[in-house]
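What follows is a set of notes on a single structure, which appears directly below.
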Amino acid sequence: MKKKHFLGVLLALCLVAGMLPAPAMAASSVVALKLGSPWCAVDTQVTQVDEDNAQVTPYAVQVNGGGYTLLPIRRVLEAFGGSVEWVPATGGVLCTLNGHQVELAPGSAEAVVDGQAVTMDVPAETKNDRTFVPVRFVSENLGLSVAYESTDQIVVVSAAPLEQSSLSSLESVKALKEKVASAQPTVQPVTYQEGSYALPSGTVSAKIITVNMSDPRVSVKSAIVGNKLNATADFASIASYSGGALAIINANFFESYEDIKDPIGPVMVNGSFVYGNSGSLTSLGITADGRMYYGRPSVFYRVITTDGGAAQQWSGYNLNVFDQYTDGSVIYTPARGESVPVTCAGAALTVRNGVTTDYRAVAAGETLAIPADGYVLWMGSAFTATNYYQVPELGRAVNLEPYLRVEDEEGFSLDGVTSLISGAPRLVKDGAIETYLDPGFTEARFTTSITPRTAVGTTADGKLLLVSVPSASIQQMRELMLQLGCQDAINLDGGASTAMYYNGQTLATPGRQLTTTLQVFVSG
């Protein structure tokens, strides 16, 4: 995922639970850290961010549509003469520097700054037995300056104001870049193999791409053709216009025989949902730092005011689907196009640039315009007639937020997820073969038929497998993914949609144009 220059760069401070604070280092002028790298430059001295764990690295996340960088920089505060203490009562941290204190707890968006409660945009969180906090918030309250050098994805922290134009010339930045260049790992982050596999139900040949999701050079993203729904392209064009993907596999089933070729199941691209209905379908969610979630999430989409006035909010039960019902609601974004027909009477709320700009009644037969700089929320007449419905006020600042309607039984979380694809049926669940069939996926072509297929799965050590077979039944796919070491796996679209690309070569050519793919990128 490409990192954009943004003012709201966040850092995250890492603390080993129970570790006593180390003696403060001599006050420094500049500290630099790089996304995905375990190295940290304190002025010109380069050390590991976490002396005990080379896997502790900065990473990027998406929250409410915004990009944020989280960095494990306990060492940073100590470099400026500050300290970090673990707070046993909350599992959080107490940060001290320059006579000021900031206390934070995982999962809470409320911090205590010099004894006063303050709300943050991003709460602290726990990862890899460390406590991470949004340190731009911490830094500014402790008297430090923070800047982001986007070309090399380097975060700079200083006791003095920083000039954006001069970041690359700083000695700490140059020292860090030299260290990163000399320490590039030789292990390939993505590998390919093919072979035959003897299974209980028969022998199957397979092509397998293995992606090391813990490698900082790797990013995995979902994509739809042209960033628009109902757009298809041949697989060679998808690969050509991917922007340098090393590996690609077809993803969601879609309405390939219909005039409108919408995906089946939700799709998220670059941190924003482009399609989804309120039903649950087996899905894989991937975060920017390589975490993977499997489950059957039921996703709603909330429009909620953020300007501090009287709170208002409305739920979109579906996203970019054409079906409209009197007791339902649908959000339409530019991914749907420039307009959408109204098939059921109701009301429409238009949002542009994050502000409510229009609200009116609409009748069947009308056409709703979808603003290029926002979205429109259609709501059925029964939806707006409920006693808890709030008539929208115009001129209000709002956010569009996806959320889980009900808790997923497997703990699927939208936290930090930037890519999401769906498939069916589930092949492996928690290290065992799964025989449940999703509604709508019980026909022979989804089960017993011997046909080309693709699948994705995650191994016990956190690697992502992309698998393509020229012919197999669903039972054989279950057995294959289990034999390959998957703890979780799902079947993707197959038959004429079976597609796989790796390192400049098409390994499986689909017989039709495609809409949704999963793409693997390697930087450096």
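Please read these numbers as outputs of a predicted model, since none were measured by experiment.
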[atom1]/[X] to [atom2]/[Y] distance, rounded to the nearest 0.5 angstrom?
X      : Y      : atom1 : atom2 : value
Tyr275 : Asn318 : OH    : CG    : 8.0 Å
Ser315 : Arg302 : OG    : CZ    : 6.5 Å
Lys34  : Asp152 : NZ    : CG    : 5.5 Å
Arg453 : Asn491 : CZ    : CG    : 6.0 Å
Phe300 : Leu404 : CZ    : CG    : 11.0 Å
Leu104 : Glu125 : CG    : CD    : 12.0 Å

I'd like to know if the side chain of [X] reaches the main chain of [Y], judged simply by a donor and an acceptor atom lying under 3.5 Å from each other, with no hydrogens or angles considered.
X      : Y      : value
Lys429 : Gly295 : no
Asn230 : Lys261 : yes
Thr282 : Pro425 : no
Glu434 : Tyr436 : yes
Thr350 : Thr357 : no
Thr90  : Gly92  : yes
Gln324 : Thr343 : yes
Gln513 : Ala231 : no
Asn320 : Thr333 : yes
Asp234 : Ala236 : yes

Report yes if some heavy atom in the side chain of [X] is under 4.5 Å from a heavy atom in the side chain of [Y]; otherwise report no.
X      : Y      : result
Asn277 : Asp323 : no
Leu518 : Ile248 : no
Asp488 : Arg426 : yes
Ile264 : Glu255 : yes
Ser497 : Ser256 : no
Leu394 : Tyr359 : yes
Leu514 : Val225 : no
Met213 : Ile286 : yes

State whether a side-chain donor-acceptor pair under 3.5 Å links [X] with [Y].
X      : Y      : result
Thr287 : Asp289 : yes
Ser422 : Ser283 : yes
Thr306 : Asn399 : no
Arg136 : Tyr148 : no
Thr517 : Gln519 : yes

*What's the verdict on side-chain contact (heavy atoms from CB on, under 4.5 Å) for Leu284 and Leu464, showing C-alpha distance, side-chain angles and the deciding distance?*
CA-CA 11 Å; Leu284 164 63; Leu464 175 67; 4.2 Å; yes
*Taking the six-membered ring for Trp and the full ring for Phe, Tyr or His, determine whether the centres of Phe446 and Phe253 are under 6.0 Å apart.*
yes
*Could you tell me whether Tyr332 and Tyr375 have their ring centroids closer than 6.0 angstrom?*
no
When you look at [atom1] of [X], are more than 12 heavy atoms from neighbouring residues, nucleotides or ligands closer to it than 6.0 Å?
X      : atom1 : value
Tyr241 : OH    : no
Gln313 : CD    : yes
Glu338 : CD    : no

*Quickly, which of Val351, Val303, Ile304 forms a side chain to side chain contact (heavy atoms under 4.5 Å, CB included) with Leu400? Name it, please.*
Val303
Identify the two heavy atoms, one from [X] and one from [Y], that lie closest to each other, and give their separation to 0.1 Å.
X      : Y      : result
Cys344 : Trp378 : O-NE1, 3.1 Å
Ile249 : Val467 : CD1-O, 3.6 Å
Gly423 : Ile490 : N-CD1, 4.2 Å
Leu377 : Ser329 : CD1-CB, 4.2 Å
Gly494 : Asn250 : N-ND2, 4.5 Å
Ala347 : Val362 : N-CG2, 3.9 Å

Tell me, please, which residues at least two apart from [X] pass side-chain contact (heavy atoms from CB on, under 4.5 Å).
X      : answer
Val274 : Ile224, Val267, Val269, Ala335
Thr151 : Glu149
Val355 : none

*Can Tyr317 and Tyr325 be said to form a ring pair (Phe, Tyr, Trp, His ring centres under 6.0 Å), step by step?*
CA-CA 11 Å; Tyr317 298 163; Tyr325 303 98; over 10 Å; no
*Apply the test side-chain contact (heavy atoms from CB on, under 4.5 Å) to residues Met500 and Thr454: give CA-CA distance (whole Å), side-chain angles for both, the deciding distance (0.1 Å), then the verdict.*
CA-CA 8 Å; Met500 177 177 275; Thr454 55; 5.8 Å; no
_Ionic contact status for Asp262 with Arg336, cut-off 4.0 Å_ =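 Yes.
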*Test side-chain contact (heavy atoms from CB on, under 4.5 Å) on Gln390 and Trp314 and set out the steps.*
CA-CA 8 Å; Gln390 297 173 295; Trp314 309 269; 4.1 Å; yes
*Lys221 and Phe521: side-chain contact (heavy atoms from CB on, under 4.5 Å), yes or no, with the steps?*
CA-CA 8 Å; Lys221 70 174 186 178; Phe521 297 82; 3.3 Å; yes
